[in-house]
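See below for the structure under consideration.
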Amino acid sequence: MLKKSFDNCDLLNINGKNFIINELTEQIPATTPALLKQAAEKVVELLKLNDVNKIVGEEEKGAVLVAVVSLLTGLPFGLARWYPSGLRGQIVVDFSCEYTDGQIFLNGVEAGDRVVIVDDMISTGGTMIALIDAIRKAGAEIVDVVAVAAKEEYGGIQRIKAATGIDVKTVLVVSVSGNKSLVKWYEE
Ligand SMILES: O=P(O)(O)OC[C@H]1O[C@H](OP(=O)(O)OP(=O)(O)O)[C@H](O)[C@@H]1O
Ligand SMILES: Nc1ncnc2[nH]cnc12
């Protein structure tokens, strides 16, 4: 079901970047609980959870998945926001992603935490690099990073590895260079 939902989807060109019109991240068509559950279960299967005390993700599409992974694992979660709330304890880090750049504001991560990062999609890897920087700035340790999908042509996984030393695992890799999306690899 998950593999099928990312395969043969329409692609929408936004400033030269190919956006996958799909059920899990874009609600086209509406996300079913069965698909969301399968995506979260696949992420949990890949996650190394030894002595981990927290999940970290980013709003807003990623947060839907993080919430379900939290329910499945019983672990609390922190989130990076795109706007400052003015709350004390927010960690601020610059980011640059596929469509824009700016800052992220991380809540809920403390020094000494052992965290796993969960996200829906990796494109350029810019958001993930900023999230990793913010978590390290908070004094927490990153034990594992899992995303549902990576877009093959954008080199995000390699960029994250080069910038942070971290290997990101994904459930699937999807190509966006044709007329439609094509799932190139899927973790059975
Ligand atoms: O690898 P990158 O180039 O950084 O892109 C990946 C990011 O883009 C998506 O979020 P999006 O920017 O669509 O924001 P949203 O989750 O707030 O809708 C996705 O959830 C990732 O966080
Ligand atoms: N649905 C999507 N398709 C392609 N790239 C994305 N980046 C974030 N959401 C995406």
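Ligands are counted one by one from 1 in listed order, and the atoms in each one are counted from 1 as well.
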Task: Close approach, Gly125 and ligand 1, non-hydrogen under 4.0 angstrom - done: yes

TODO: Please tell me if the side chains of Val143 and Val115 come closer than 4.5 Å, counting only heavy atoms from C-beta onward.
DONE: no

- [ ] Compute the minimum heavy-atom distance from Asn18 to ligand 2 and say whether it is under 4.0 Å.
- [x] yes

Task: Val109 vs Lys137 side-chain heavy atoms within contact, under 4.5 Å - done: no

Task: Thr100 to Phe95 - nearest heavy-atom pair and separation - done: O-CE1, 4.1 Å

TODO: Please tell me if the side chains of Val148 and Val118 come closer than 4.5 Å, counting only heavy atoms from C-beta onward.
DONE: no

Open item on the list: Ignoring hydrogens, what is the shortest heavy-atom contact between Gly178 and Leu11? Give both atom names and the distance.
Closed with: O-CD1, 3.4 Å

- [ ] Compare every heavy atom of Ser5 with every heavy atom of Cys9, then report the nearest pair and how far apart it is.
- [x] SG-O, 3.2 Å

Task: Closest approach of Met121 to Lys151 (non-hydrogen atoms, all atoms of both residues) - done: SD-CG, 4.2 Å

- [ ] Note the single closest protein heavy atom to atom 9 (N) of ligand 2, along with its residue, its atom name and the distance in Å.
- [x] Lys61 NZ, 3.0 Å

Open item on the list: Just to confirm my output: which protein heavy-atom neighbour is closest to atom 18 (O) of ligand 1, and how far is it?
Closed with: Lys61 CE, 3.1 Å

Task: atom 1 (N) of ligand 2 - nearest protein heavy atom and its distance - done: Glu26 OE2, 2.6 Å

- [ ] Check each heavy atom of Ile20 against ligand 2 and say whether those closer than 4.0 Å belong to the side chain, the backbone, both or neither.
- [x] both

- [ ] Examine Met121 against ligand 1 and note whether any of their N/O atoms are separated by less than 3.5 Å.
- [x] no

Open item on the list: I'd like to check which ligand 2 atoms, numbered from 1 as shown, lie under 4.0 Å from a non-hydrogen atom of Thr25.
Closed with: 1 (N)

Task: Side chain, backbone, both or neither: Thr25 near ligand 1, heavy atoms under 4.0 Å - done: neither

- [ ] Specify the closest pair of heavy atoms between Ser70 and Pro76, including all atoms of both residues, with the distance to one decimal.
- [x] OG-CA, 4.4 Å

Task: Per-atom contacts, ligand 1 versus Ile122 - under 4.0 Å to a heavy atom - done: 1 (O)

Open item on the list: Within the structure provided, determine whether Arg159 and Tyr154 are in side-chain contact (heavy-atom separation under 4.5 Å).
Closed with: no

TODO: Tell me which part of Asp120 gets within contact of ligand 1: side chain, backbone, both or neither, using heavy atoms under 4.0 Å.
DONE: side chain

Open item on the list: What protein heavy atom lies closest to atom 3 (O) of ligand 1? Include the residue and the distance to one decimal.
Closed with: Thr124 OG1, 2.5 Å

Open item on the list: A side-chain contact here means heavy atoms from C-beta on lying under 4.5 Å apart; do Lys169 and Glu187 qualify?
Closed with: no

Task: Close approach, Trp82 and ligand 1, non-hydrogen under 4.0 angstrom - done: yes

- [ ] In sequence, state the C-alpha distance, the side-chain angles, and the governing distance for Lys54 and Asp113, and then conclude on salt bridge (Lys or Arg N to Asp or Glu O under 4.0 Å).
- [x] CA-CA 7 Å; Lys54 212 168 268 177; Asp113 279 345; 2.6 Å; yes

Open item on the list: I want to check something: taking the side chain as every heavy atom from C-beta on, are Ile160 and Ile132 in contact at a cut-off of under 4.5 Å?
Closed with: yes

TODO: Indicate yes or no: at least one non-hydrogen side-chain atom of Ile122 is less than 4.5 angstrom from one of Met128.
DONE: yes

Task: Sub-4.0 Å protein heavy atom next to atom 8 (O) of ligand 1 - done: no

Open item on the list: Among all protein heavy atoms in this structure, tell me which lies nearest to atom 2 (C) of ligand 2, with the distance rounded to 0.1 Å.
Closed with: Met121 CE, 3.3 Å

Task: Side chains of Leu182 and Val174 in contact at under 4.5 Å (non-hydrogen atoms) - done: no

- [ ] Quick one: look up the protein heavy atom nearest atom 6 (C) of ligand 2 and list residue, atom name and how far away it is.
- [x] Tyr99 OH, 3.2 Å

- [ ] Among all protein heavy atoms, pick the one closest to atom 5 (N) of ligand 2 and tell me residue, atom and distance.
- [x] Lys151 NZ, 2.6 Å

Task: Exercise: do Glu23 and Thr31 side chains pair donor with acceptor under 3.5 Å - done: no

- [ ] Name the closest protein heavy atom to atom 4 (O) of ligand 1, giving the residue it belongs to and the distance to 0.1 Å.
- [x] Thr127 OG1, 2.5 Å

TODO: Could you list the atoms of ligand 2 found under 4.0 angstrom from a heavy atom of Asn22?
DONE: 1 (N)

Task: Atoms of ligand 1, numbered as shown, that sit under 4.0 Å from any heavy atom of Glu59 - done: 16 (O), 17 (O)

- [ ] List every atom of ligand 1 that sits less than 4.0 Å from any heavy atom of Asp119, numbering the atoms from 1 in the order shown and giving each element.
- [x] 20 (O), 21 (C), 22 (O)

Task: N or O pair under 3.5 Å between Ser96 and ligand 1 - done: no

Open item on the list: Quick test: of every protein heavy atom, which one is nearest to atom 22 (O) of ligand 1, and how far off is it to 0.1 Å?
Closed with: Glu58 OE2, 2.5 Å

TODO: Answer yes or no for Met128: is there a heavy-atom contact with ligand 1 below 4.0 Å?
DONE: no

TODO: Distance to 0.1 Å, residue and atom name: give those for the protein heavy atom nearest to atom 15 (P) of ligand 1.
DONE: Glu60 N, 3.5 Å

- [ ] Taking only heavy atoms of Ser123 into account, list the atoms of ligand 2 that are under 4.0 Å away from them.
- [x] 5 (N), 7 (N)

